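Source: prediction; values computed, not measured. In listed order, ligands and their atoms are each counted from 1.
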Amino acid sequence: MTTLSDVAVPAALVEALRDAGPVLICGHARPDGDSLGSVMAMAIALRRLGRPVRTLCSDPAPAPFLVFPHMDTLEITREVDAAGATVIVMESSALGRTGVAGFEQANAILNIDHHLGNTAYGTVNWFDEGAAACVEMVADAIDALGVPWDADIATYLYLGLLTDTGGFRHSHISARSFELARRCVLAGADPVHIGQVAYDSFSLGRVRLIGELLHGMRLEAGGRLAVLTLTPDVHVRAGSSPDETEGLINMPFTAQEIRAVCLLRNDEDGVTRVSLRSKGLIDVRAVAQEFGGGGHKNASGFTVAESLEAVEARLLPLVLDALR
Ligand code: 5GP
Ligand code: MN
């Protein structure tokens with residue numbers, strides 16, 4: 001079987017995946033399509049090999065994703081007894097990004113990620129920064145195990161690929177991404193259905209939230225930077241909930257002149273969560289790192305225990321610098 005990747009699946013990883021013992025698979029907190037897709041595709045493949053698998057997440061999946069197969073097997077928990085198990089962590093640059101405590105007790109941790117700056121917390125660490133989505137790596141791992149893709153595996157691989165590339169548009173997308181998409185469709189993934197679930201299955205409250213957010217949008221740097229702020233009162237006005245904000249940061253980008261977007265949220269008292277996006281060479285990962293966060297050059301984030309106003313005052317000069 002030819003590998004889709006430039007970075008070979010490590011032999012130690014394949015060996016650890018082939019082992020017979022119990023497995024816990026977890027992605028990052030507030031799961032997105034790539035995190036869930038990576039977790040679920042790997043879970044289905046390992047169950048096919050007869051391994052006992054539990055899938056975990058610190059937060060519930062976005063509600064529309066519950067239509068996908070086996071989603072009822074995803075356990076929502078913030079603590080687990082991992083003693084005696086192998087843990088597979090997807091898409092998490094540090095173990096804390098899982099939002100689940102207890103993985104330190106595991107027999108082994110297999111760390112699979114496509115972000116720059118992963119802290120290499122695993123027993124086996126496998127990084128491929130050239131992958132447009134973590135599912136590109138998971139697809140190679142499943143191939144290395146010799147598990148044929150069924151429609152369920154293909155559905156999750158396609159979900160991760162579609163969402164992490166922003167609908168096949170973001171950087172890192174390559175011929176490899178389209179080869180994966182092709183194989184997913186051949187194996188039974190339905191791109192129309194998955195696309196509708198990912199992009200056209202939101203609540204009416206979220207549609208109103210788009211209006212509220214864009215109404216409050218501020219422009220800086222001569223109109224090249226858009227700043228969005230999201231406070232609980234905005235959700236009240238829109239009739240939306242804080243777990244419905246995925247993807248909203250991209251709205252200002254549909255204007256050609258916008259080169260970077262900051263979205264600042266304070267869902268909890270005294271905690272501010274920031275998402276940063278940019279186009280082209282503008283590096284917002286470096287900005288996020290100044291606040292202890294990370295991600296990719298064009299998509300990064302961080303969370304700090306400071307007021308939204310205080311974070312914004314420190315953040316904007318750094319983003320304006322990055323725009324120069
Ligand atoms: P989002 O804005 O969608 O939450 O995150 C965008 C990107 O930044 C993702 O690749 C995500 O992994 C990364 N990211 C977001 N928050 C953090 C954080 O607190 N730490 C690190 N290392 N990466 C983050
Ligand atoms: Mn990803």
Candidate with minimal heavy-atom separation from atom 15 (C) of ligand 1, of Ser275, Gly301, Gly96: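 Ranked by closest heavy atom to atom 15 (C) of ligand 1, first place is Gly301.
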Are any of the N or O atoms of Gly294 closer than 3.5 Å to those of ligand 1?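 So ligand 1 has an N or O lying under 3.5 Å from an N or O of Gly294.
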Looking only at N/O atoms, are Arg265 and ligand 1 under 3.5 Å apart anywhere? no
Output yes when [X] and [Y] qualify as a salt bridge under the 4.0 Å nitrogen-oxygen rule, no when they do not.
| X | Y | answer |
| --- | --- | --- |
| Asp267 | Arg273 | yes |
| Glu220 | Arg218 | yes |
| Asp152 | Arg48 | no |

Specify side chain, backbone, both or neither for His296, according to which of its non-hydrogen atoms lie closer than 4.0 Å to ligand 1.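 The side chain, only.
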Under 4.0 Å, heavy atoms only, figure out whether ligand 1 is touched by the backbone of His28, its side chain, both or neither.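 The answer is neither; His28 stays 4.0 Å or more away.
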ILVMFWY network linking Val23 to Met42, side-chain heavy atoms under 4.5 angstrom: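 Val23 and Met42: one cluster.
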His172-His114 aromatic ring centre distance below 6.0 Å: no
May I ask you to check whether Phe178 and Phe168 place their ring centres under 6.0 Å from each other?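 Centroid distance Phe168-Phe178: below 6.0 Å, so yes.
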Pairwise distance [atom1]([X]) to [atom2]([Y]) - rounded to 0.5 angstrom:
| X | Y | atom1 | atom2 | result |
| --- | --- | --- | --- | --- |
| Phe68 | Leu159 | CZ | CG | 5.0 Å |
| His296 | Leu116 | NE2 | CG | 8.0 Å |
| Phe127 | Met137 | CZ | CE | 8.5 Å |

Considering heavy atoms of the protein only, find what lies nearest to [atom] and give residue, atom and distance to 0.1 Å.
| atom | value |
| --- | --- |
| atom 19 (O) of ligand 1 | Phe302 CA, 3.7 Å |
| atom 9 (C) of ligand 1 | His115 NE2, 4.1 Å |
| atom 22 (N) of ligand 1 | Ser93 OG, 3.0 Å |

Are any of the heavy atoms in Arg97 under 4.0 Å away from ligand 1? yes
Contact check, Arg277 vs ligand 1, heavy-atom distance below 4.0 Å: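 Arg277: in contact with ligand 1 (<4.0 Å).
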Among the N/O/S atoms of Asp164, the Mn ion (ligand 2) lies closest to OD2
By atom name, which N, O or S atom belonging to Glu91 lies closest to the Mn ion (ligand 2)? OE2
Output the list of atoms in ligand 1 that are nearer than 4.0 Å to some heavy atom of Ala299, sorted by atom number.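 Atoms satisfying the 4.0 Å criterion: 7 (C), 8 (O).
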Roughly, to 10 degrees, what angle do His114 atom NE2 and Asp34 atom OD2 form around the Mn ion (ligand 2)? 100°
